[in-house]
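Here the structure comes first, spelled out in structure tokens, and everything after it is commentary.
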2 protein chains.
Amino acid sequence: MREDVFAALASPVRRQLLHLLLDGGSQPVGRLAERFDMARPSVSEHLKVLKDAGLVAESRHGRERHYRLEAAPLMEIRDWLTPYERFWRERLADLGTVLDDMEDRDDDNR
Amino acid sequence: MREDVFAALASPVRRQLLHLLLDGGSQPVGRLAERFDMARPSVSEHLKVLKDAGLVAESRHGRERHYRLEAAPLMEIRDWLTPYERFWRERLADLGTVLDDMEDRDDDNR
DNA sequence: ACTATAGGTCGGAAATTTCCTACCAGTCAA
DNA sequence: TTGACTGGTAGGAAATTTCCGACCTATAGT
């Protein structure tokens, strides 16, 4: 478990899967697969990646397998993000200054 | 620009690069590359991915190129994360026992 | 029992990523 | 100018990802 949450989120398909589970609740694979333009085994593979990252969990109901969201590992992302928050707020604060990204002038060095 | 921020963060090397820029400030490529076990051109490629995602910007200083953090695109990640926050707080409130998830902090290695 | 349904896994093809060693362009310093 | 230094790019090997059709197992219903 904990097979790199960042990598799991790198695919738009997998992010969409999480979103479907977020506002559709626990769902069988077939229902999830309907929403995509790809074959069901491919969706299964994506679900496996999410499961290895701890982002979803499955439960058996008869011959169906319901996948549900496990949002806890997303805390790792949020925690990683935290030290950057200050930084982007600074940038937004003084946008009265130069905004050209491509242009260069000497900024702070240390 | 905006070449998928999630994908850019999928690589541990690139996350570490951002971290180096976060607390080391603007730095030339060589100084960044020293910190890794890989050849400099590889680090250059990673920087290019970060630049395409809008996460870093470069500025020329003599024969050096200084890369600096551009944290703004990380807002996209935070915004994506937001609807999940409610969900994981619910989970944590229920159990209150499983705290071993908090063990893994940063993953910057190599 | 038999058939249909749900969904994993198994190769394999294609595309992408990741890393390397060259090599090239620009810049500084003699 | 000749060098030394910084860092991009080119091309390619290797590994990984992504997708597929084909197959297998398990369950449900008849």
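Below, each value reflects all heavy atoms present in this structure, side chains not excepted, and no hydrogens, waters or symmetry copies. Note on naming: letters A, B, ... go to the chains in the order of the sequence lines (proteins, then strands), and numbering restarts at 1 for each one.
Residue A:Arg31 is out of contact with every strand shown, counting any heavy-atom pair closer than 4.0 Å. Across all strands shown, A:Arg14 has heavy atoms under 4.0 Å from sugar-phosphate atoms exclusively, and none from any base. Residue-level contact check: A:Phe36 touches neither bases nor backbone, having no heavy atom under 4.0 Å from any strand.
Here the C1' atom of nucleotide C:dT18 and the CG atom of B:Leu50 are 14 Å apart, to the nearest Å. In this structure, NZ of A:Lys48 is placed 22 Å from P of C:dA6, rounded to the nearest angstrom. For the pair B:Lys51 NZ and D:dT9 C1', the interatomic distance rounds to 12 Å; values are reported in whole Å. The interatomic distance linking A:Glu3 (CD) with D:dT17 (C1') rounds to 13 Å, in whole Å. Going from atom CD of B:Glu64 over to atom P of C:dG26 covers 18 Å, rounded to whole Å. We find that CG of A:Leu47 is positioned 14 Å from C1' of C:dT9, with the value rounded to whole Å. Atom CZ of A:Phe6 and atom C1' of C:dT17 are 19 Å apart (whole Å). Between the CG atom of B:Asp4 and the P atom of C:dT16 there is a distance of 14 Å, rounded to whole Å.
A donor-acceptor pair is defined here as one N or O able to donate and one able to accept, closer than 3.5 Å; such a pair exists between the side chain of B:Arg15 and the backbone of B:Leu9. Under a 3.5 Å cut-off, the side chain of B:Arg14 and the backbone N or O of B:Ala7 do form a donor-acceptor pair. With hydrogens and angles ignored, the 3.5 Å screen pairs no side-chain donor or acceptor of A:Tyr67 with any backbone N or O of A:Lys51. With hydrogens and angles disregarded, no donor-acceptor distance shorter than 3.5 Å links the side chain of A:Glu58 to the backbone of A:Val56. Remark: side-chain polar atoms of A:Glu64 are not paired, donor with acceptor, to backbone N or O of A:Gln27 under 3.5 angstrom.
If you check D:dC23 for Watson-Crick or wobble pairing at under 3.5 angstrom, you find it has no partner at all. C:dC23 makes up no base pair with any nucleotide shown, lacking Watson-Crick or G-U wobble contacts both under 3.5 Å.
Residue B:Leu17 forms a side chain to side chain contact (heavy atoms under 4.5 Å, CB included) with just one option from B:Val43, B:Leu55, B:Leu22, and that option is B:Val43.
When each of A:Gln27 and B:Ala7 is assigned the nucleotide of DNA chain C with its nearest heavy atom, A:Gln27 is the one assigned upstream, toward the 5' end.
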Protein heavy-atom contacts under 4.0 Å, written 5' to 3' over nucleotides 19-30 of chain D as B (base), S (sugar-phosphate only) or - (none), form the string SBBB----BS--
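Interatomic distance, NE2 of B:His19 versus CH2 of A:Trp80, reported as 9.5 Å (0.5 Å rounding).
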